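Data first, discussion second: the structure below is written as structure tokens.
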Amino acid sequence: MAIERTLSILKPDATRRNITGKIITCFEDAGLRVVAQRRVHLTPDQAGAFYAVHKERPFYNDLVSFMSSGPVVVQVLEGENAVQKHRDVMGATNPKDATPGTVRALFALSIDENSVHGSDSLENAKNEIAFFFKDTDIVG
Ligand code: ADP
Ligand code: MG
């Protein structure tokens, strides 16, 4: 399997509760490596641009206001099959459906405040990484 990179975001509910380290440990324990990382408080415009793909969805406005409600940690994770592996460790979008032991089963508060974002394909991962990081910010 190929070494990939994926974009991971620890959402405002995670920074608010001071559990970013616990969540990162889940990813590291699965063999993923942090190769770039930054804490940022997104503006509504930045959050809206990042989630533009969901513009027509009924939850878009709530999502944008939540993602700009406090600091987030944006990071690039690297490893074998990183895109799918990260999604597997994250668990289902709705914590009620998330497999026990996954990040969302362990830490998410609700479908809105679900602690983590992860790219859903290699192509989206490339675009989402470029949204936050220059090539020189990534140290593998
Ligand atoms: P994922 O984050 O698992 O890739 P999506 O890309 O479908 O999920 O949705 C992006 C984010 O929008 C979710 O993580 C969640 O915070 C929010 N969201 C998705 N579906 C809903 C919903 N039905 N109600 C409220 N918020 C939602
Ligand atoms: Mg998604």
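Indexing begins at 1, ligand by ligand and atom by atom, following the structure's order. Just so it is clear, the model here is predicted, and its values are computed rather than measured.
H54 NE2, 3.7 Å is the protein heavy atom nearest to atom 5 (P) of ligand 1. Considering only non-hydrogen protein atoms, atom 12 (O) of ligand 1 sits nearest to F59 CE1, 3.3 Å. Among protein heavy atoms, the minimum distance from atom 23 (N) of ligand 1 is reached at I111 CD1, 3.8 Å.
Counting the atoms of ligand 1 from 1 in the order shown, those under 4.0 Å from a heavy atom of K11 are 13 (C), 14 (O), 16 (O). Near N114, the atoms of ligand 1 lying under 4.0 angstrom from a non-hydrogen atom of the residue are 13 (C), 14 (O), 15 (C), 16 (O).
Side chains of H86 and S8: a donor on one and an acceptor on the other come within 3.5 Å. Using modelled atom types and a 3.5 Å distance limit, the side chains of D13 and S115 yield a donor-acceptor pair.
Other residues, nucleotides and ligands contribute only 12 or fewer heavy atoms inside 6.0 Å of the CZ atom of R33.
For H117, no heavy-atom contact with ligand 1 is shorter than 4.0 Å. Within the 4.0 Å heavy-atom criterion, the part of R104 lying near ligand 1 is the side chain and not the backbone. Of all the heavy atoms of L63, the ones lying under 4.0 Å from any atom of ligand 1 belong exclusively to the side chain.
Checked against a 6.0 Å centroid threshold, the rings of F131 and F50 count as neighbours.
At least one heavy atom of R87 sits closer than 4.0 Å to an atom of ligand 1.
For atom 1 (P) of ligand 1, the nearest non-hydrogen atom from the set D62, T93, D112 comes from T93.
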Criterion side chain to side chain donor-acceptor pair (under 3.5 Å) on E123 and N127, from CA distance to verdict
CA-CA 7 Å; E123 190 191 345; N127 293 331; 4.7 Å; no
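One finds a salt bridge joining E113 and R16 here, because a Lys/Arg side-chain nitrogen approaches an Asp/Glu carboxylate oxygen to under 4.0 Å.
For the pair Q46 and H41, the tightest heavy-atom approach, listed with the atom from each and the gap, is OE1-O, 4.2 Å.
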